[in-house]
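Following: one structure in structure tokens, then a few remarks.
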Amino acid sequence: MDLEINVNGEQWVLNVAPADVLLDVLREQVGTKSPKIGCERGDCGSCTILMDGRSVRSCLVLAVEAEGHDIVTVEGISYEGMSQLQDLFISTNAFQCGFCAPGIVLAATELLENNPDPTRHDVQDALAGNLCRCTGYEPIIEAVLAAAPARQEGDSQ
Amino acid sequence: MIANEFEYRRPTTLAEATQVLAQHSGSVKVLAGGTDLVAWLRDDAIAPDLVIDIKAIPDLRDIKIDGDVLHIGSLVTFTELIESDVVKEHVPLLAEMAETVASPGIRNRATMAGNICSAVPSCDAGPVLLAYDTAVHLTGPSGNRSVDINDWFTGLRQTAGTDDEVVTHLTIKLRQHGGVYVKLMRYAGEDLAQAAVGIVAYPDNEYRVAFGAVAPTPIRSAVIEETLRGKPLDDDLVAAVVAMVPDEISPITDMRSTAEYRTHMTGVMLKRGLWAARQRLDGTGPAYGARLI
Amino acid sequence: MTTTFPFEAESTEDELKTVGTAAVRIDGLDKISGAAEFVDDMDFGPGLLHAAIVESPHAYAKILSIDTSEAEKAKGVVRVVTGDDFPYKFGMYMEDRYIFAQDHVRFVGEQVAGIIARSHREAVQAAKLIKVEYEVLKPLLDPKKAFADDAELVHPDLGDYTHVPWFFPQANTNIAHWRKIRKGDTEKAFAEADYVLEDTYTVPRYAHCAIEPHVTVSKLDQSDRLTVWTASQSPHTQRHLFAEALAPLGFTHKDVRVITPYVGGGFGGKAGVSMEIMGAAMATLVKGRPVKLRWTREQEFYNTYQRQGVIAELKVGVMNDGTITAVEHRLYWDAGAYVEYGANVVNAAGLSATGPYRVPNITNDSLCMYTNLPPGGPYRGFGYSEFHFGLESHMDRIAEAIGMDPVDFRRKNAIVEGDELAYGAHMNPSGLIEAIDKVADAIDWGTDEESDNPDTVMGKGMALFWKAPAMPPNASSASFLKFNEDGSLNITVSGMELGQGYLTVMAQIASEVLTVPVEKIRVETPDTDRNPYEWQTVASHVTWSSGLAVEKAAIEARGKIFDVIHQVYGYEDDSLYLEDEKVKCKTDPDFEKLLSDFVIDGIQTEEGTWRGGPIIATGKFMPEFTNANSDPETGQGGHPNVHYTVGATGVVLEIDKDSGRIWVRKAALAVDAGRAINPDLVTGQIVGGLVQGLATVLYEDMRFDEGGKMMNPTFTDYKIPTAFDIPDEIIPIIVEVPQPDGPFGARGVGEHTMIAAAPVIANAVYDALGVRIKSMPITQEKIAMSYLEKRSG
């Protein structure tokens, strides 16, 4: 089937089978490798993408379902330098192996866009579907809280 | 990677959808959020030869109130429930339940109607929709019909809906109430219910009590509701209905929990849940979303 | 009496510039921008083939026949592979595995056949068409039953297997290795002890759960060179085992190349060789075509290494003043169907099963039992987490029985520098007492806390830990270092960046010696053709061992730099020093020379000729004081361990008496890092390791049905922590009692931080509820049901 999708601002016309999963199509046909294959059943969150601005498990979406939708991956938000959130993740050594990082960057990006002043509980909730085995989450949670727009404004005053 | 191949259709009207369903002779699955369906396809747990995606059909996404009836379209996601002002104002219990479902990346896709169509014993929407006496509205080749939620769950992963029907929306008749959804999980993060209790308390000591994950389907307890009816809640009454729990449920022992713990915790959740629902009705209970266990 | 080390590292007294600072990770931008490339992200072009594996549904069975005819005809199939194609054995410490099953399968999930196809979907579909006929045998699933005299043999040919000299397999039994320690006279000590406590503790199997599954791409090119791209902790060990196992096909080490880019978590699961050898072998049959084999999450659970289960029978004797006089520890390890790596876990535990205590009389028996469960193997903690659960639970119980505060009891018996170890060598410098005191302070030990909530109670617990790297006595590390024109550095090593921050730490060590800032140093992930040797990235040894190799390379480079300056300007080498990327001279304060001025092009002399040239250096390290030769009956006489890292963990928790739910309100963990090269990264190990350890006691365990099939091979039912499931507060404490032979005094901390997590919870649960739980995990369900039972009398 023909599939027309927008990935990181670029329009793609692809040929896919109905059984093809969006995650595999993004990695193999579009070449965006930041969404990772971790569990392929929606448990781990390492395949997280933003679809029309909302975080989605790309392993649980058929590619054909994405017809006409806008997809953003970490590559897409990194073209013009790192976001405040990404900068903080780097400067605080918030990650270790980095395999879950693309998914967590996107889940946290979604949170901060919808909630400029999250509590610790809000951050935990936003990240609860993104498994990280290395860090114990604490440095990640702290960096997301520090990157919150409300906190950033407070800091600059 | 999904090994088995299938055909995919995306109708743009309900009529088209029902027509495709009616004409198709093989196995077919209706796709909404896909968070169960795609996982089952990947696991080879199902192998349909046709998947019908209903997301291009308009008018299935509404959350609205018509008189004293709340209408929730079958494509409404758990995230939309959490973010809906209508839900916040009139049925915050739905948001309390929705917040316990998996994680944002799932809730952004998964629909409440899909949850009760998958009809696993632990489906979070089950106990709450049972406690609300929800009506499930379907359309199919023979027209529209509605099914009382109490008749909806017919067995393990079985519903009263037929293979050639599509759920269009759910309705709940609104009146003043307090509610609670208590969910037993193995930890605070994303998990399926090991046992769950949904309770709606109406004025004049009228209660609806439903359980999840402690029987092949989500279930109501008429006996417990009857015992509570008309009596002010006190410790003895609560103890009396908690004592009825073992006879009202039929939990299994599986990898997630033992039958004994499920039974014990259903009693604990019923006790804490009844008080919370009662207090919420009175406007004094813990805020919706507060975890009771 | 301490060990004399042949190599004393750079002075730790000098003021340090880079070492000891929280340098930003040199891989941070890669990982956060999405640029970091893992094996599965690499492109291999349209020729890439995909493999799928046919697995045994039985835990123990004889293979009667394999019919591949339908699969061979299936769409897209290029080649079908069975054990007949590769009748070769392999193994890390003991050769007991085959690449594909031969006549028997010994665990559910064991690889019986493989499909190579043009697409992943075609490979998986074709795998379903292979028909295998089995004669099903009765599986052995319990290590104590495996020990019984009349047990069926999982490996009837055990007596013929090749193994390292420090293993003692018992032919015609299921005992693949029996590590014995006999020191002093335990029988007499128990008879004379004022109090003796004897009990049994059980620990199930656990999974590593790195978020990146195992994946390998292998290609045999037309020149007969085999290249394997792999998600591995052990590139050189993999190359070695591939070359050895495939030697019958004509491979030598130079023909085999292993390339390991970033790895998405290891925790021991990607050490040694597991599924990679299937990919490598299959590729030899389709010359010129790369073959990808990627494990599903399910396979990740049941066909890689698993952390072994153990039944621990423990007897400890003490005097009324709290002095421990004897320990008898008998560990029955459920090592699984193949123990080629796991037997060394058994060995390591047996050497150290007294825990970090001074014990004069010791009887340790660590028994590596074959069972028909998936192969056991290395997992962060390497046997120590397992035996610490019982040991540290026991210590609390003994303290209570003799009326002593458990912290005082531990402080009294804590091992200190110079104390004799179980195998006769002596303890290295250690900050154990300091760790105990700091953790006790951090959790206000001695102060009872009350909950405001009538449904909950509070509890406190404390537990100690120790661990030594478990390595062959001659495990070694090496490094290459080269300067670039601008004075920046490229370093190649073959340790793996698993997330722990290894590359950054190596850069910091080189930076300290050469004064080149960390931002100007690139440290590359391994390619065995180009990077120098490293044994493996396991055992928490690379900061120490690879760090020493890098330090030596940097010192060698500095010597070469000083030589050039000496040649041109005549200053004596010992008058020269480096500062801010310049060579300076103590005897001539006006002299300075920028490194970037000469480290490639050299320095022009007055007569116009040039001196110097590219500054390159090498470094290597091998511990030369260790040996694994000991008496098999007593374990005495060798020096198997290089040193121990020690520490303490404490928690304050709140428990819901009805549900059993635990909230860890506060956790403190002190570890003696010797010297924290990068405190941020040490803290990362403390927090991450503690959370991983807490998960093994609170949430996780592998469940198997009666047929030996794993019942929960998904994250849906194997519950690793989410962002919600962590302590409210973690207090990381870094103790620094330098390791004399460590780089700037450093020793490893990576595994240690999860070791005491299980007993500390057991002890705090007892403190809160008076319920002693002796089997892991201590789930909310187990707590609630145990407490219900206690309340009902």
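This is a predicted model, so every value here is computed, not measured. Within every chain, numbering begins at 1; the chains are lettered A, B, ... in the order of the sequence lines, protein sequences first and strands thereafter.
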Contact part of Ile37(A) toward chain C, heavy-atom cut-off under 4.5 Å: side chain, backbone, both or neither? both
Are any side-chain N or O atoms of Tyr137(A) and backbone N or O atoms of Pro721(C), one a donor and one an acceptor, separated by less than 3.5 Å? yes
Are any of the side-chain heavy atoms of His120(C) and Asp24(A) separated by less than 4.5 Å? no
Could you give the distance from CD1 (Ile720(C)) to SG (Cys132(A)), rounded to the nearest 0.5 Å? 8.5 Å
When the 4.5 angstrom heavy-atom criterion is applied to Met754(C) and chain A, the contacting part is neither
Nearest 0.5 Å, please: how far is CG in Asp43(C) from NZ in Lys33(A)? 3.5 Å
Heavy-atom pairs under 4.5 Å with chain A are the metric here; pick the option from Asp725(C), Val263(C), Thr722(C) that has the most. Thr722(C)
Interchain contact, Ala35(C) with chain A, by part (heavy-atom threshold 4.5 Å): neither
For Asp40(C) against Arg27(A), the heavy-atom pair lying closest together: O-NH2, 2.8 Å
Salt bridge (charged side-chain N to carboxylate O under 4.0 Å, His left out) between Glu700(C) and Arg133(A), intermediate numbers included: CA-CA 13 Å; Glu700(C) 300 175 17; Arg133(A) 190 57 151 174; 2.7 Å; yes
Top residue by heavy-atom pair count (under 4.5 Å) with chain C, among Gly81(A), Ala128(A), Ser34(A)? Ala128(A)
Under 4.5 Å to a heavy atom of chain A? For Ile730(C) that would be neither
Heavy-atom check, side chain of Gln96(A) versus side chain of Lys31(C), under 4.5 Å: no
Looking at Lys36(A) and Asp41(C), does any basic side-chain N land under 4.0 Å from a carboxylate oxygen? yes
Look at Trp295(C), Phe724(C), Tyr262(C) and state which one has the largest set of heavy-atom pairs under 4.5 Å with chain A. Phe724(C)
Top contributor to chain C contacts, counting heavy-atom pairs under 4.5 Å, from Asp125(A), Ile77(A), Thr73(A): Asp125(A)
Just give me the residue among Gly501(C), Gly28(C), Ser33(C) that pairs up with chain A most often, heavy atom to heavy atom, under 4.5 Å. Ser33(C)
Within the side chain of Glu138(A), is there an N or O that forms a donor-acceptor pair under 3.5 Å with the backbone of Val687(C)? no
If you take all heavy atoms of Gly38(A) and Pro213(C), which pair is closest and at what distance? O-CG, 3.9 Å
From CD1 (Ile211(C)) to SG (Cys134(A)), nearest 0.5 Å: 8.0 Å
Identify the two heavy atoms, one from Cys97(A) and one from Phe38(C), that lie closest to each other, and give their separation to 0.1 Å. O-CZ, 3.5 Å
Tightest non-hydrogen contact, residues Phe99(A) and Gly264(C), listed as CB-CA, 3.8 Å
Under 4.5 Å from any heavy atom of chain C, what part of Asn130(A) do you find: side chain, backbone, both or neither? neither
With a 4.5 angstrom heavy-atom cut-off, could you sort out which part of Ala19(A) is near chain C: side chain, backbone, both or neither? both
Tell me, for Asp728(C) versus chain A, whether the close heavy atoms (under 4.5 Å) come from the side chain, the backbone, both or neither. backbone
Please look at Thr92(A) and chain C and tell me whether the side chain, the backbone, both or neither of the residue comes under 4.5 angstrom of a heavy atom of that chain. backbone
Quick check on Thr135(A) against chain C: is it the side chain, the backbone, both or neither that has a heavy atom closer than 4.5 Å? backbone
If you tally heavy-atom pairs under 4.5 Å against chain A, which of Glu497(C), Arg121(C), Gln500(C) wins? Arg121(C)
Result for side-chain hydrogen bond (donor to acceptor under 3.5 Å, both in side chains) between Asn93(A) and one of Thr504(C), Asn678(C), Asp680(C) points to Asp680(C)
Please look at Glu40(A) and chain C and tell me whether the side chain, the backbone, both or neither of the residue comes under 4.5 angstrom of a heavy atom of that chain. side chain
Please answer whether the main-chain N or O of Asp43(A) pairs with a side-chain N or O of Arg297(C) as donor and acceptor at a distance below 3.5 Å. no
Hey, could you give me the SG/CD distance between Cys39(A) and Glu300(C), rounded to the nearest 0.5 Å? 12.0 Å
Between Leu131(A) and chain C, with a heavy-atom cut-off of 4.5 Å, which part of the residue counts as in contact: side chain, backbone, both or neither? both
At a 4.5 Å cut-off on heavy atoms, which part of Glu37(C) comes close to chain A: side chain, backbone, both, or neither? neither
